[in-house]
Structure formats: structure tokens, C-alpha cells
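Values in this document were obtained by computation on a predicted structure and should not be read as measured data.
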Amino acid sequence: MSIAELRGQMLRRKPIGQIEDDDTPADERLSKQLGLWQLTAIGVGGIIGAGIFTLAGSVAHKVTGPAVLISFLIAGVASACAALCYAEFTGMVPKAGSAYTYGYVSLGEIAGWFIGWDLLLEYIAVAAVVAIGVSGYFGFLLDQVGIHLPNWMLGAFGTGDGHKFDVFAMVFCLGTAWLLSRGIRSVGRFEIVAVAIKVALVLLIIVLGVFKINSANYHPYFPFGANAVWTGAATVFFAVFGYDAMSTAAEESTEAKKQLPKAIIYSLSIAMVLYVLATLVLTGMQNYKDIDPNGGFSHAFKSVGMNGIANVIAVGAIVGIITVVLTFMLGVTRVWYAMSRDGLLPEWFAKTHPQRKVPTRVTWIVGVGSAILAGVLPINTVAELTNIGILMAFIVVSIAVIVLRYTRPDEPRTFRLPLMPVVPVVGIGFSVYLIWSLPWQTWVRFAVWLVVGLIIYFAYSRTHSKLQGADPVTSVHTPVA
């Protein structure tokens, strides 16, 4: 094969018209069951969870001190820029796959492949890190009722005395996979109820906790130095982007072009207000040195003599954090489904359950994979691994929305992001800086994963793509001689 032919394969783009005219067999299509508020609930469910209940305390204790609030604000600004880019794309390309599909449409197959391959690892890692957060609160709750389990099953090796596996985190991952396999209608109903409980719990924390704030706990505000807030922002970033996983459910929305842009903006706005208020309360109730990195709010309320509230928080946190695991497992299974349907991964993975219309095969593979990660790795390691991939996805989506705005200016858009190209350029700048703030070990792990992906693409994907035989310029399918 010549260099020109190889280049043509790598740069062929999936036409928007082909996406609109879905030729997926009826027995392999996803079921349209989700309305605006169910989508918003999935978005809020993906954003609010371990970020408040676990990672805020962990980062405040080890990385930033009270300045964790600034870290969340930095991450929120970067995320808001990307959210507006996602909102424009979801109004144009309402299909499963999220950033993978957007990259494929605007930048070409190799860009779509890499971002899809990237998201497979990152979403699984998010599910794992959040499950670890659930486990921390579950262990706190058992201690409160006098149940003391063996240390070996309470956390990954190196996270505590005698720890070997986080058994609870593994069970939560497998249980979430089971719920996802029941069908998207069941998922939507569960998300509405669980998110309502979670938001009510966060409001309870804020209302009660504000009266227990000791302003002395805010001093010093930057105990690890001002630059630490950037490292903190890079670590907590995964906690403010659940809307992108929600966008992977586009094909299961009843009116995706109208509903998804609204759901993205609503969910991020709600979440950021709650994040800011909750971190202000947490770091005001306890000195950052005393904050428990696993069950921050429960231990904070216990420290001020409110044991009953601490137990309520632990129960609510378990319910609330599970919605994050659910959202990101939903996301990774839909990206995997979309890549398999396009031929970049074996079509065996794109088969859906005949009655429930969900990709059960990949759902259980994801469940087992996330369970293994959650069981053997500490929370910060998984969080850092997660963030570099998601930040890369945001960079690709921000570039793609600029490219498509200028190459396809007349394409119908139900939402147009303001201040083009300033907003996506700001998002790119923030994302690059946050990536640069991550430890070098995270770069190495990410590079290894991308090299594996490169091998798979050239060995399998490029020759099995549904666009094989397409014109490399127009990407319109032409018969192969």
C-alpha cells in the first residue's frame, strides 16, 4: 500500500449525512427512552459524586489544603469551555460515541480512533475510582454499627495497614454492570431517584455544615503553595465532566438534537454551584490536616458531634456515588458499541440484547475490567490516569468544533457556542496546562495505552472500517473493485 493510500485511510471522515441516515439493523439499535430531565439526571449523576464525597477531601488533605475550592473553580472553567463545544456537537451529531464520533466526523478516522480508544480506558478508570469512593463510605458505615471486617478486603495494597484488595469497590462495579444490563429505561428511572437523593443530601450538608464552619481552618489557605491548586485541578478534573459520558446516550434520547445541549448546560451549572458550596463547608469544618481522605464529610460531621448526620451522609453518599459509576459505565459501553458498529472493533461487541436493546456483551466486560482496577489500585493513581485521557478528549472536541464551524458553516445546529473560536481555544489552553500538571508516571501509562491502540488500528481497524472503499476526500462509500 502506498503512503497516499494509507494517508487516505487515516483521514477519511464519516459523513454527517450517513450518521443521520442510520442503517443499523433494527434488532441491533438502541432503544429511545430518555427525556430532557432523565438526561440531565444522568449528567448530574455523572458529575456529582466522588468529587464531593471523596476526592475533595483527599485533594484538600494531601495536595491543596483549603484552596481545593480554587482547584474546582479552575477545573470548572476548563470544563465549561468544553461543555459548550459538546453542546454544539450534540445538536449536530446526535449519535452514540460522544467525542469519538465528533472526532471521526470532523478530523478523520485516526483522530476518532485514538479518542475512542482513549475513552475506553478513561471511562472504565472513572468507574473504578468512583467505586473506590463508595467503598470508603461503606467501610465508615460498617464501623459505625460495630462491624469490623478484615483489613485485607478494605482497600488496595499500599492504602492502609494489611490492605490487599478493595472488595466492596469490586462488588459495586459488578452490581452496576448488572443494572445497566437491565435496559436503559431502568437506568433512567434509577438515575432520577438517586440524583434527587444525592442533591438533597448535598444541600443538607451545606445547610447544616455552614453553622459549623471555623474560619481559622481556612488559614493558611495555600499550605502547599499557590501552584498546588493547578495540580489539584488536574486531579479533580474528572469530577466535573460527567456530561460528556451523558452525551454518549444520544441515540437513546427521544429528541437528542434539542434535549442534549440543554441537558449538558443544566447539569454542569447545577453541579458547579454545589461543588463550590460543599468544598467551602468541608474545609471550614475541619483543618485540612484532619480531613479524612476517604470519607471526608462523614468524618467532618462526626468531628463536631453530629454522628447521626454523619451516618446519613454515608448512606446517601453510597447511593449518590453509585450514579457516577453508572453514568461512566453507560458511557464506555456506548463508545465501544459505536466503534464496533463502525467496524473499528469487532462487530461482535455491537450486538444488543434482543429485548432490552442494550449492548450487554460490552457491559459485562466493562464491569469486570473496572472491578479489577478498583480492587487493586489506590484512588489518586486511578484519578490521575483518568484525567489525562479526558483532557485529551476535550482538546480533540474543542479543535473539532472549530474545524467543523469553518468547514461546514451551513450545517444545521440547534445550539451554537458563543465567542467562536475564543471559547474552544480557552478550553484547549486550560486542558493543555492541566495535562502538564500531571505526574510523569501518568504520561507513561497513557503513552503505553496509545501505543497498544496504534498497533490495533493498523493491524485490524483500518481494514475493517465500514468506510473501507470510501473516497478519502468526500468519505462517500464507493464499491471496491
Atom CG of Leu119 and atom CZ of Phe328: how far apart are they, to the nearest 0.5 Å? 10.0 Å
Please round to the nearest 0.5 Å and tell me the distance separating atom CD1 of Ile205 and atom CG of Leu282. 9.0 Å
Intermediate values then yes/no, side chain to side chain contact (heavy atoms under 4.5 Å, CB included), Asp118 and Tyr100: CA-CA 9 Å; Asp118 166 28; Tyr100 154 72; over 6 Å; no
Measuring only between side-chain heavy atoms, which start at C-beta, is Ile428 closer than 4.5 Å to Val432? yes
Are the side chains of Tyr102 and Val396 in contact, using a 4.5 Å heavy-atom criterion? no
Thr40 side chain to Trp37 backbone, donor-acceptor under 3.5 Å: no
Hey, does Ile264 have a side-chain heavy atom less than 4.5 Å from the side chain of Phe415? no
Between Leu180 and Leu330, what is the shortest heavy-atom contact and its length? CD1-N, 3.6 Å
Extract all donor-acceptor atom pairs below 3.5 Å that involve side chains of residues 66-90 and protein atoms in other chains or at least two apart in sequence.
residue : atom : partner : partner atom : Å
Ser71   : OG   : Val229  : O            : 2.8
Ser79   : OG   : Val240  : O            : 2.5
Ser79   : OG   : Tyr243  : OH           : 3.1
Glu88   : OE1  : Arg405  : NH2          : 2.6
Glu88   : OE1  : Leu417  : N            : 2.9
Glu88   : OE2  : Arg405  : NE           : 3.1
Glu88   : OE2  : Arg413  : NE           : 2.9
Thr90   : OG1  : Tyr86   : O            : 3.2
Thr90   : OG1  : Ala87   : O            : 2.9

Taking the side chain as every heavy atom from C-beta outward, state whether Val276 and Leu280 have any pair of such atoms under 4.5 Å apart. no
Going from CG on Leu345 to CE on Met339, what distance comes out if it is rounded to the nearest 0.5 angstrom? 4.5 Å
Interatomic distance, OG1@Thr360 vs CZ@Arg182, rounded to 0.5 Å, equals 11.0 Å
Heavy-atom side-chain proximity of His299 to Ile291 below 4.5 angstrom: no
Give a yes or no on whether the ring-centroid distance for Phe168 and Phe172 is below 6.0 angstrom. no
Side chain to side chain contact (heavy atoms under 4.5 Å, CB included) between Val273 and Leu277, worked out: CA-CA 6 Å; Val273 170; Leu277 295 176; 4.2 Å; yes
Hey, does Tyr288 have a side-chain heavy atom less than 4.5 Å from the side chain of Pro223? yes
Geometric class of the Trp449/Trp117 ring pair [parallel <30°, tilted 30-60°, perpendicular >60°]: parallel
